[in-house]
Each structure stands twice: as C-alpha cells, then as structure tokens.
Amino acid sequence: MSKSTISTFQLFETFPDEASARVYLEGRLWPNGPVCPDCKSDRITTRTRPGFYHCNACNFDFTVRTGTVFERSKVPLHKWVYSMYLLVTARKGISSMQLAKEIGVTQKTAWFILGRLREACGTPGSPDDKLKGIVEIDECFIGGKEANKHEHKKLKAGRGSVGKTPVLGMRERGKGGRTVAVTLEAQTLHAIQSEIHAHVEVGSTLYTDENPAYNDLNGLFFRAASVNHSAGEYVRGSVHTNGMESVWAVLKRGLHGVYHHASPKHLFRYVDEFTFRLNEGNVARHTFERLDSFVDGIAGKRLTYERLTGKVDA
C-alpha cells in the first residue's frame, strides 16, 4: 500500500467512535478553540455535556455540527468521517446503495449524506486564485442518448448534444495543476467566455478545440491556440486538450458505471465531486491531508433535504 494512503482498518482505529471524530472535527474547524458559528465570537463556555458549547456574546448554543453539512443529522460523526474517506479515495465515486451498506444506514439517508458532502466539494477558491500558465479548455455533454429514450421523452431535434447538459472544463498544466469544471445552461459564446474570464488569469495561454466560442480569445487578455478535432487533428506540438479529455473520461465512467444517472438539477454537484477529487483528493497527498481539505469545506454549507430535492429554491 502507498505510504500516502491509509486502510479502512487504520481509519477505524483512528476514529472508532463519535467522540474521536468530534475531537478531530473540532480541532480542524476550530484550531484556536471553539468559535460561535452565529457571531464568530470566541467568548465560549463549555457545557456539561461533551461537545456542547454556549456563546456568551450572542447567547447561542451550538456544537461542531452547527452551520455545517452535518447540522441536524442523526448519523454519528465517525460515520460521516468514514463517508468522506470513501468519497475522497474512490476515484469514480461511491453509490448511495454501497455507502448504505458500508455505514449501516438506509439508502435514502446515504443519498442525502452524499448530497451534503458534494455541497462541501463545491467550496469556491479565492477570486485571486485563478488558473494560470497553460490552461486546456474543453467541453463535454452529459445526458442520455436520444435513441435510448422512451418515445414520449424524445426531443426529436437531432442527435449529438440534443437534450444534454453542457459542462465546461479548464485544466491547468503542470505538477499540481488544478481543474475547474462548471455546468452551463446553454453552450453560448457569452456563457463560455464568462466562465473563462472568471477562472483563468489574464495573460495565460489557452489550448482549445475548434469551437467557435474560442475564436476571439487570442488577443488582449489571453494567448490561444487550437486543434481541429473535426479534421482529425488532436495534437500539434504542445497544443492539445488531452488532459481535459482524461478528466471527462473519468467523469463519464463514474456517472455511467457508479451513479448510472445524474439529473440536470443535480449534475453540478457531481461535477464538483469529481473536480474536488482531482484537486484536493490527489493520491500523491496523504489520506489525512485529503480529509482535512474536505473538512475545510463543510463550514457554512448546510444543505436541507428540501433544497437538495428541489422542493424549495436554492
């Protein structure tokens, strides 16, 4: 086994119960002691019951779960930590059916857990922390094939990308290069270029395919070059999008082989999960470092069942 990876047995030894997991989460979220999630004060009194705190500044009672993806969950914290471990170490993800068996909960509860954890994966970086250097940009389309749909669900508007959700991906080349991927409502020039300007540093070099949306990127803000996939050109010197294509390969294999289906309203969460694993879940990093990165994203990310299922607006 790699020195950067711990086994499930080692994880259970480290977090055998709720208390050990709580101590770990508190230490990560509050390195200098408990902080009120409501007013951010550190004037805290410890309650008699372990893990319960009272804020003397705003008179608010809280635990480490408050204001995180764990809030109002009855699932023990060590099961949450194990779920994070499985999600961050499984290259193509883990299904709710499998997670339910692993931690001893219902499939519905496991599905909700995974939805909450994907919410944590969507932690945005600093506005100044943009991709730079050489950045590969490509798009893919996620959704069922028209030929495989029931007759009443067919759009009858052609094949290819019809009825699918476009996903734009940007990958920074080099060791430690990061990946950003976002779902788009439509594959328009404005939508694509807005995301590029939002996530790529001015002056970077962009490598793309022949999509017309990239035609005018070479100029004032970026240097750009492209390959023509339609003409059978996939590599021209250092110009290619093979790195981004490999990201799509893992994403599609995970969606098809593990999750089987991701509806358009939930797809952005799955995309966040896969990009998080590429960036923070890199196998070159020790498992505990990957877990730490996951925990860093749980604060301020409460997700209710109603919002996850679309019964209330996000």
Side-chain angles (χ1 to χ4, degrees), residues 1 5-12 14-18 21 65 68-122 140 142-145 148-150 153 164-165 167 181 183 247-278 280-281 283 287 290-291 293-295 297-298 301-311 314:
M1 177 177 291
T5 303
I6 64 171
S7 65
T8 54
F9 181 76
Q10 290 172 303
L11 187 81
F12 292 148
T14 307
F15 306 113
D17 51 28
E18 167 103 6
R65 293 175 182 258
T68 73
V69 296
F70 310 140
E71 186 165 354
R72 294 188 178 275
S73 169
K74 296 181 180 180
V75 176
L77 288 175
H78 60 301
K79 291 190 177 184
W80 275 102
V81 172
Y82 182 46
S83 300
M84 287 190 284
Y85 166 85
L86 291 174
L87 199 67
V88 82
T89 55
R91 180 169 171 77
K92 298 173 187 174
I94 180 170
S95 69
S96 58
M97 287 292 292
Q98 184 63 35
L99 180 62
K101 295 174 184 178
E102 294 279 355
I103 65 175
V105 298
T106 65
Q107 185 272 333
K108 181 179 178 180
T109 297
W111 182 82
F112 191 20
I113 288 173
L114 289 172
R116 291 189 184 194
L117 292 181
R118 292 187 190 106
E119 184 79 358
C121 291
C140 75
I142 304 296
K145 296 180 179 179
N148 296 338
K149 295 179 181 178
H150 289 291
K153 292 186 177 180
K164 298 183 180 182
T165 302
V167 182
T183 56
V247 174
W248 299 144
V250 175
L251 172 66
K252 290 181 178 180
R253 285 170 184 162
L255 289 176
H256 295 164
V258 177
Y259 298 123
H260 304 308
H261 171 72
S263 65
K265 72 177 181 180
H266 292 301
L267 180 60
F268 76 96
R269 300 187 195 281
Y270 289 90
V271 171
D272 285 343
E273 174 196 333
F274 278 86
T275 53
F276 176 88
R277 240 187 329 264
L278 284 168
E280 307 296 339
V283 293
T287 304
R290 289 182 262 169
L291 278 176
S293 294
F294 214 135
V295 174
I298 68 174
K301 292 294 185 69
R302 188 186 174 198
L303 180 65
T304 64
Y305 188 79
E306 288 74 18
R307 186 157 69 86
L308 179 61
T309 55
K311 294 180 180 178

[X] side chain near [Y] side chain, heavy-atom distance below 4.5 Å:
X      : Y      : answer
Leu308 : His266 : yes
Glu273 : Leu114 : no
Leu87  : Ile94  : yes
Leu11  : Leu291 : yes
Thr183 : Ile142 : no

### Message
Quick one, Phe70 with Val75, criterion side chain to side chain contact (heavy atoms under 4.5 Å, CB included). Give me CA distance, side-chain angles, the key distance, then yes/no.
### Response
CA-CA 8 Å; Phe70 310 140; Val75 176; over 6 Å; no

### All ring pair (Phe, Tyr, Trp, His ring centres under 6.0 Å) counterparts of Phe112, not counting sequence neighbours
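Phe112 satisfies ring pair (Phe, Tyr, Trp, His ring centres under 6.0 Å) with Tyr305 only.
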
### Query
Does Arg269 make a cation-pi contact with Tyr259, if we ask for NZ or CZ under 6.0 Å from the ring centre and within 45° of the axis?
no

#### Entry: Heavy atoms from other residues, nucleotides or ligands near NZ of Lys265 exceed 12 (cutoff 6.0 Å)
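Yes, enclosed.
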
### Message
Please report whether the ring centroid of Phe294 lies less than 6.0 Å from that of Tyr85.
### Response
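Between Phe294 and Tyr85, which both carry aromatic rings, the centre distance is not below 6.0 Å.
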
### Message
One thing to verify: whether Arg72 and Glu306 come together as a salt bridge, which I'm taking to mean a side-chain N less than 4.0 angstrom from a carboxylate O.
### Response
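No salt bridge links Glu306 with Arg72.
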
### Query
How far does CG of Leu303 sit from OG1 of Thr68, to the nearest 0.5 angstrom?
11.5 Å

If you look only at distance, which donor and acceptor atoms sit under 3.5 Å apart when one is on a side chain in residues 247-254 and the other is two or more places apart or in another chain?
residue	atom	partner	partner atom	Å
Trp248	NE1	Asp138	OD2	3.2

